[in-house]
Number of protein chains: 4
Amino acid sequence: MQKLKEEVRRAILNAALKSFKEQGYAAASMRKIAQDAGIAAGNIYRYYSGKEQLLDAIIGPVFEKCAAYMDEYRRMLDVPLAKERNKKQYFDMVRDTMVGLFKLHSSEFMILLNRSEGTRYEHVKNELMLFVEKILVDEFRLVRGNREHYSGQDGALASMLAGTLVEGLSRIIRDHTDTVTIEMLIDRLLDVYNTGIAFVIEDMRGIERL
Amino acid sequence: MQKLKEEVRRAILNAALKSFKEQGYAAASMRKIAQDAGIAAGNIYRYYSGKEQLLDAIIGPVFEKCAAYMDEYRRMLDVPLAKERNKKQYFDMVRDTMVGLFKLHSSEFMILLNRSEGTRYEHVKNELMLFVEKILVDEFRLVRGNREHYSGQDGALASMLAGTLVEGLSRIIRDHTDTVTIEMLIDRLLDVYNTGIAFVIEDMRGIERL
Amino acid sequence: MQKLKEEVRRAILNAALKSFKEQGYAAASMRKIAQDAGIAAGNIYRYYSGKEQLLDAIIGPVFEKCAAYMDEYRRMLDVPLAKERNKKQYFDMVRDTMVGLFKLHSSEFMILLNRSEGTRYEHVKNELMLFVEKILVDEFRLVRGNREHYSGQDGALASMLAGTLVEGLSRIIRDHTDTVTIEMLIDRLLDVYNTGIAFVIEDMRGIERL
Amino acid sequence: MQKLKEEVRRAILNAALKSFKEQGYAAASMRKIAQDAGIAAGNIYRYYSGKEQLLDAIIGPVFEKCAAYMDEYRRMLDVPLAKERNKKQYFDMVRDTMVGLFKLHSSEFMILLNRSEGTRYEHVKNELMLFVEKILVDEFRLVRGNREHYSGQDGALASMLAGTLVEGLSRIIRDHTDTVTIEMLIDRLLDVYNTGIAFVIEDMRGIERL
DNA sequence: GATGAATGAGCATTCATTCAT
DNA sequence: AATGAATGAATGCTCATTCAT
């Protein structure tokens, strides 16, 4: 019952994707992946030279893309944004890019962000959150003005909101495969965070005014 | 160096809590737990009959409480809520209960929700989400009225919002230990979701009116 | 790219010879041998039914020759050698035969003697040594005369000298490929052992005379 | 059937010594060693953290000693030796030291020199041979004088004689355990090489004189 | 005849669990 | 009650061998 090479490669990737997604990289078993792929354990190594390389094959490309975009956008953040209008454009661009990536590689992103403990990718989620956090912190500082009210509390708040937002996006791509639904849900989640964060900022402004 | 039984039990629980929290159930090592507890590996088994039972001892009580509340509140949901006033009261009650639990047993909850993969608790987070989802769905149905506009899309939306909210709460208790900060962050996150969901509902209403 | 059978067989043998020589039987890899031979791994099994049989094909003939000579010469040893002159002739004959074999099949001999661990040939080196030992023992007994001075010590000495000599010859064919150099080194080594053993025997005679 | 720790450690070391000696480091199996030691495979790792460390425990100390002596004696070689008398003393010292080491740690030496392929010790035998070779080459150069007759042939000869001598010593300690016998055999082997090499040198002189 | 994908037993190593002390 | 040595099944991985093509 010999199979075509590409077919087996697909089977391995699918099985690995499933195992990594469900159990995480460390807990996933090469034997189980082989079993799910319908092949003998040793045969995986004809296609991928090890467990780590199998992970690379799955999330490497997505990681590269993501890292490239983050680098670019981080550089743009350092250039002072003169007008509100620019800021809105920046936000939309970041959102569209990320949402685009999320929709295109949802499972891979999910593993990259949530199931990579113990690999060289384990810091990625944190970096993404720090990036979102940076945007929020900038926003908060603007509100606080020069009145030195920005505090560790604000930092924890920005970190939490960034974290939960990224986590929320991860969840959406984890739980859905239909891109129309994913797009709708991401839009809604961003609506919630936009409105909610606006409210929180308004609240800050109120306190500042006192 | 005979030790009092209760002292050792405490040491084991503390060490296990730490390990489970930091590495998750599967990746935690009984040897390391014993070492951290200052006892021999084999001695754990005098107190707990295995790794799974040790987990039970830690999150079982919290799980029971949580399950009990959820049962109760779910039953209350089935009774039609006559007035808006009641609904507000219900929301506040649920929120206060959950937040109370979260704050009281943050570490245990964190393990229950985020580090229980591969155990019989791995479904709990999902159940909690389903519960929150139910509340949101009821809300959405009310908006849609009898005009049969409630759809699968609304269901996915409720599920997503519930999921990300619970996940967000989990993250807060995962990343912080100071109860004042935890309370602040939970309040802020609920603010965001309240405001945001109100906006989303308003949006639905607008569409319905057309 | 259809190949002639004999051509492939040659390629396999050459590649196997190389691998066995460099890494020893156990550590040699059938994959590597196939690769070096320019054929697919599985194809080796059309020509040789397994790793062990491949070894047989390489060193079997040399082993047979060597064993045949040793049998013959051993039988000759049992016939009492009347005169010194005969003995000298016998020695020279043995030496010439062995050196001839060594030079003709140096690689195969090298594998047979040094790289056959874990196969049915691993005892051969020892047998060859026992043969040389037998010659030396006879010599020693002659020196000791009928005075019953021949002892276990003499046996150990004969065994050691035989062993180190054979080992030395093995090393020469292991480390060199140029037949002129091999011949020179073998001659020199035999010079050393001839002179040295003569000295040892002279020493024995001296002790006997006391 | 719990055993005393030191007893098991001994059993492991003995079994490992046996396996390494018979099959070499690479081909030796931890399972087999455990079996021979009468314990479960995993239990070895309570005593030694891995295969390599098990080897270290066996030959590490011997290696250190040997390396220290070789360093010292190599330094002494670089200092010009004025008189023949000094040279004789030097030879005797080297011989006594090496023979002392050989007799004290015969099995360990045997593994160090003959069964360490694939480990960080695999170069040691070669270094020892190069050391002996250096001594021989010095001797040969002396004979050749300034007449530029020293050649690559002489180098191959020195290398071969050094190699076979060291190999011979290795064999003695591999095949015997009784120190009296070992001493006698080493003395005899050195006699053979001394006499033999003297003969070879005499031969060189003869050729030079022509 | 030849290929190379596939198999499965073997390797070193880890770890929850057991049990003699 | 406590120890920690011992077990054995599981892990990622390699390789001689088989077999569908």
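Lettering of chains follows the sequences in order, A, B, ..., and the numbering in each one begins at 1.
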So, is B:Ser29 near the phosphate of E:dC15, with a side-chain N or O under 4.0 Å from OP1 or OP2?
->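 For E:dC15, OP1/OP2 do not have a side-chain N/O of B:Ser29 under 4.0 Å.
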Is there a side-chain polar atom (N or O) of D:Tyr47 under 4.0 Å from OP1 or OP2 of F:dA6?
->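 For F:dA6, OP1 or OP2 has a side-chain N or O of D:Tyr47 closer than 4.0 Å.
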Take atom CD of C:Gln53 as the centre, draw a 6.0 Å sphere, and report whether it contains more than 12 heavy atoms from other residues, nucleotides or ligands.
->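 Yes.
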Search all heavy atoms of C:Val62 against all heavy atoms of C:Leu112 and return the closest pair with its distance.
->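 Taking C:Val62 first and C:Leu112 second, the nearest heavy atoms are CG1-CD2, 4.4 Å.
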Distance, rounded to the nearest Å, where [X] contributes [atom1] and [N] contributes [atom2]:
X	N	atom1	atom2	value
D:Ile12	E:dA12	CD1	P	14 Å
D:Lys5	F:dG4	NZ	C1'	9 Å
C:Ile33	F:dC15	CD1	P	12 Å
B:Gln35	E:dC15	CD	C1'	14 Å
B:Ile44	E:dT18	CD1	P	13 Å
C:Ile39	E:dG1	CD1	P	13 Å
D:Tyr48	E:dT14	OH	P	17 Å
C:Glu7	E:dG1	CD	C1'	14 Å

Give the nucleotide from the list [options] with an atom nearest to the side chain of [X].
X	options	answer
A:Tyr45	F:dA2, F:dG12, E:dA2	F:dG12
C:Met30	F:dT7, E:dA12, F:dT17	F:dT17
B:Asn43	F:dG12, F:dA2, E:dT3	F:dA2
B:Arg46	E:dA6, F:dA6, F:dA1	F:dA1
D:Ala40	E:dT13, F:dT7, E:dG1	F:dT7
A:Lys51	E:dT17, F:dC13, F:dT3	F:dC13

Side chain to side chain, B:Phe20 and B:Arg115, heavy atoms closer than 4.5 Å |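 No, too far: nothing below the 4.5 Å cut-off.
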Mate of F:dA2 where both pairing distances stay under 3.5 Å, Watson-Crick or G-U =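 By the stated definition (distances under 3.5 Å), E:dT21 pairs with F:dA2.
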F:dC15 - base-pair partner by Watson-Crick or wobble geometry, distances under 3.5 Å =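 Partner of F:dC15: E:dG8.
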Return the 5'-most residue of the pair A:Ala28, C:Lys32 with respect to DNA chain F, ranking by each residue's nearest nucleotide.
->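 Nearest nucleotide further toward 5': that of A:Ala28.
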Step by step, would you call C:Glu117 with D:Gln23 a side chain to side chain contact (heavy atoms under 4.5 Å, CB included)?
-> CA-CA 7 Å; C:Glu117 261 143 51; D:Gln23 296 157 245; 5.9 Å; no
Mark yes or no for whether C:Lys51, through its side chain, and C:Ala28, through its backbone, hold a donor-acceptor pair below 3.5 Å.
->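 Yes; judged by distance alone, with no hydrogens or angles, the pair exists.
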Ignoring hydrogens and geometry, is there a side-chain-to-backbone donor-acceptor pair from D:Glu122 to D:Gly118 under 3.5 Å?
->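 Yes, D:Glu122 side chain to D:Gly118 backbone: donor-acceptor pair under 3.5 Å.
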Side chain of A:Arg31, base of F:dA10: donor and acceptor closer than 3.5 Å?
->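 Not at all, since no donor on one side and acceptor on the other fall under 3.5 Å apart.
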With DNA chain E as reference, determine whether A:Ala41 or D:Ala26 sits nearer its 5' end, using the nearest nucleotide of each.
->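 The answer here is A:Ala41.
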